[in-house]
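Written out below as structure tokens is the structure these notes cover.
Computed from a prediction, not measured in an experiment: that's the story for all the values here.
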Amino acid sequence: LLEQRHTQTIQLGLERVAEVRTRLGSDPEAVVITGTRQAYRGELMPGHYDDWVLEERGRLESLFERLEALPLIPPAAAAPAPAPPTLAGQLPNHWTRLFGVEINASRLQQLVRRQRLVTVFGAGGSGKTRLAVEAARTLKQPSAWEPPGHDSEPRFDRVAFVSLIDCTDADLALDAIAGALGIMGQQPLARIANALVGQQTLLVLDNFEQLVGRADDAVLQLLTDTATLHLLVTSRQRLGIDGEHVFELAGLALPEAPAASAAPAVAADDLVSSHPAVALFTDRARAARPDFVLGPRDAPVVLALVQLLAGMPLAIELAASRMRSLTPQALLGLLSEGSTPMLDLLARGGSGHSLAQRHASMRHVVDWSWQQLSPPLADLMGALATFALPAHIDTVAAVAALDLRSARDRLEQLRDSSLVVARADAAGSTDDQRDLAREEIGAERVVHHARAARAATSGARGSGATAP
């Protein structure tokens, strides 16, 4: 009976201690003190103890009195609930298939690992954001398209994506970066530097072009304050600051145009499997019209389409969306004859919704580029849009009424804005950019510059110079 009574008491004490432990958390001292107080219930079967039991009882009573003199420890505060996961700063998840990224992404990876400021530079719609995101993703964890042996390459501890499309000054840019990193409070520059200490961090700063010249100091300060920080920037303009390494993106690689006599022999399967520009058009055309098949008759037409669009991914996607209501032959005819403005044709057909409205048509893309130009550069671009290119730089200077040095300087600025391509001693813009830009010029300005262009060309021919 005595043993049973002791067992019951011990069991009751253990249950009460467990109850107290649940209330107080894992503080051992609080559990012992409070558990002892609640478990002690006075003598058990008084008058039936030997001397050693009485001595032990006296010791326990003394201990209990000392415990009574101690202040009651308040219950520990409940542990805060874990913060819900946030999408801020996460790399975008694209749901459309990717073509032709392997070579460029691998090169970009290596550059980002070695250099702390890398700018993916190219015209609007050239695929800068998609390339930067895919490269950044593999710098955090391996990807299926990576070449064998890259699994052992060092990875970044932290990778965050920052959209700067709505930022117009350095303060807004820093707030966007801090928000992507989950940092709150004043003085974001100092807080960002403190939060990233000791972490190998890669920040993808997307759409930086409108911040060129406005947030340069903030970028340099971030890199100076945080030795383990790397920046991967996408921009239609070069940043032009110390330490910048430019990764120029010119669109997807294009297949060579077959001779006219060989056109019927073009193999559609070979085109799709070997040329990402054709594969991209075919994939997006099937999304617009599920029964679209690239047959032997359509293959040379699609080849001509992607060449006309200079391999620009967005222009190819927008053209492919027109397959819902047009055939490849009909679209190529409309783009070639010029009766319908190219900006109106290169727009997403149907009523589908695009998350990025600025990519819903090439008109939006060109509008955004023009908004970033200063008036002198816009005037020069207007002059370039009035005559066939490429052209000698002296012809450009004559049409724009500029001296040779000023023309060269402004052409270089246009090149740094991804609107003009310069090669050797000539300057010109790619066909798609030139034609799209032409539509953005007012009719009066076009007529004025067109007359000047004809006069300059006549003078050049009379003096023995030849246009390229």
Side-chain angles (χ1 to χ4, degrees), residues 83-93 108 111-113 115-122 124 128-133 135-137 139-140 156-247 355-358 368-369 371-374 416-418:
T86 175
L87 295 179
Q90 288 189 7
L91 293 173
N93 291 310
L108 183 57
L111 187 59
V112 171
R113 284 192 176 102
Q115 308 297 338
R116 296 185 58 208
L117 175 59
V118 177
T119 300
V120 180
F121 163 76
K128 300 182 297 295
T129 299
R130 187 72 182 267
L131 175 64
V133 167
R137 197 184 309 281
L139 288 167
K140 174 69 174 176
F156 284 91
D157 302 322
R158 189 172 190 179
V159 176
F161 180 87
V162 187
S163 175
L164 300 175
I165 188 64
D166 295 322
C167 301
T168 54
D169 57 40
D171 290 338
L172 292 175
L174 288 173
D175 287 342
I177 294 171
L181 294 171
I183 299 171
M184 307 298 291
Q186 302 296 320
Q187 299 180 327
L189 190 60
R191 290 178 177 271
I192 292 168
N194 291 334
L196 299 182
V197 169
Q199 298 184 61
Q200 290 291 333
T201 303
L202 173 63
L203 294 183
V204 181
L205 305 183
D206 190 43
N207 289 109
F208 197 91
E209 55 265 12
Q210 76 278 8
L211 294 168
V212 173
R214 301 177 183 179
D216 300 354
D217 290 342
V219 168
L220 290 174
Q221 196 63 48
L222 276 174
L223 293 170
T224 301
D225 293 346
T226 313
T228 55
L229 175 64
H230 290 233
L231 298 180
L232 177 55
V233 181
T234 72
S235 177
R236 299 186 194 183
Q237 295 188 40
R238 300 168 187 256
L239 276 61
I241 60 180
D242 291 343
E244 179 189 24
H245 291 260
V246 175
F247 188 96
L355 291 178
Q357 186 61 32
R358 61 194 174 87
W368 178 252
S369 292
Q371 290 170 19
Q372 311 311 315
L373 292 178
S374 63
D416 288 345
S417 298
S418 67

May I ask you to check whether E244 and T119 show a side-chain donor-acceptor distance below 3.5 Å? yes
Write down the atom of T228, the atom of G198, and the distance for their closest heavy-atom approach. OG1-N, 4.2 Å
Quick one: CG on L211 to CD on Q372, what's the gap to the nearest 0.5 Å? 9.0 Å
What heavy-atom pair brings F156 and K140 nearest, and what distance separates the two atoms? O-CD, 3.6 Å
Say you draw a straight line from CG of L117 to CG of L239; how long is it, rounded to the nearest 0.5 Å? 6.0 Å
Side-chain heavy-atom pair R158, L196 within 4.5 angstrom cut-off: yes
Are R214 and D169 close enough for a salt bridge, meaning some N to O gap below 4.0 Å? no
Show the nearest heavy-atom pair for residues I183 and I192, with the distance to one decimal. CD1-CA, 3.7 Å
Test L181 against L203 for side-chain contact (heavy atoms from CB on, under 4.5 Å), laying out the working first. CA-CA 9 Å; L181 294 171; L203 294 183; 3.9 Å; yes
Nearest atoms (heavy-atom pairs only) where A180 meets F161: CB-O, 3.7 Å
Count the heavy atoms belonging to other residues, nucleotides or ligands that lie under 6.0 Å from CD of Q199, then report whether that count exceeds 12. yes
Go through the steps to decide whether V162 and L164 satisfy the test side-chain contact (heavy atoms from CB on, under 4.5 Å), and finish with yes or no. CA-CA 6 Å; V162 187; L164 300 175; 3.8 Å; yes
Euclidean distance, L222 CG relative to H230 NE2, rounded to 0.5 Å: 13.5 Å
Show your working on side-chain contact (heavy atoms from CB on, under 4.5 Å) between F208 and D216 and close with a plain yes or no. CA-CA 10 Å; F208 197 91; D216 300 354; 4.3 Å; yes
Can you tell me how far the CZ atom of R116 sits from the OG1 atom of T226, to the nearest 0.5 Å? 7.5 Å
Report the C-alpha separation of S235 and V212 in whole Å, then their side-chain angles, then the decisive distance to 0.1 Å, and conclude whether the side-chain contact (heavy atoms from CB on, under 4.5 Å) test is met. CA-CA 9 Å; S235 177; V212 173; 4.3 Å; yes
Quick one: pull up CZ in R238 and CD in E209 and give me the separation to the nearest 0.5 Å. 14.0 Å
Shortest non-hydrogen pair, A176 vs S163, comes out as CB-O, 4.3 Å
Distance from H245 atom NE2 to Q115 atom CD, nearest 0.5 Å? 3.5 Å
Any chance CG of D217 has more than 12 other-residue heavy atoms, nucleotides or ligands included, within less than 6.0 Å? no
Would you tell me whether T234 and D206 have side-chain atoms, one donor and one acceptor, within less than 3.5 Å of each other? yes
Grab the two heavy atoms, one from L131 and one from F247, that are nearest each other, plus how far apart they are. CD2-CE2, 3.8 Å
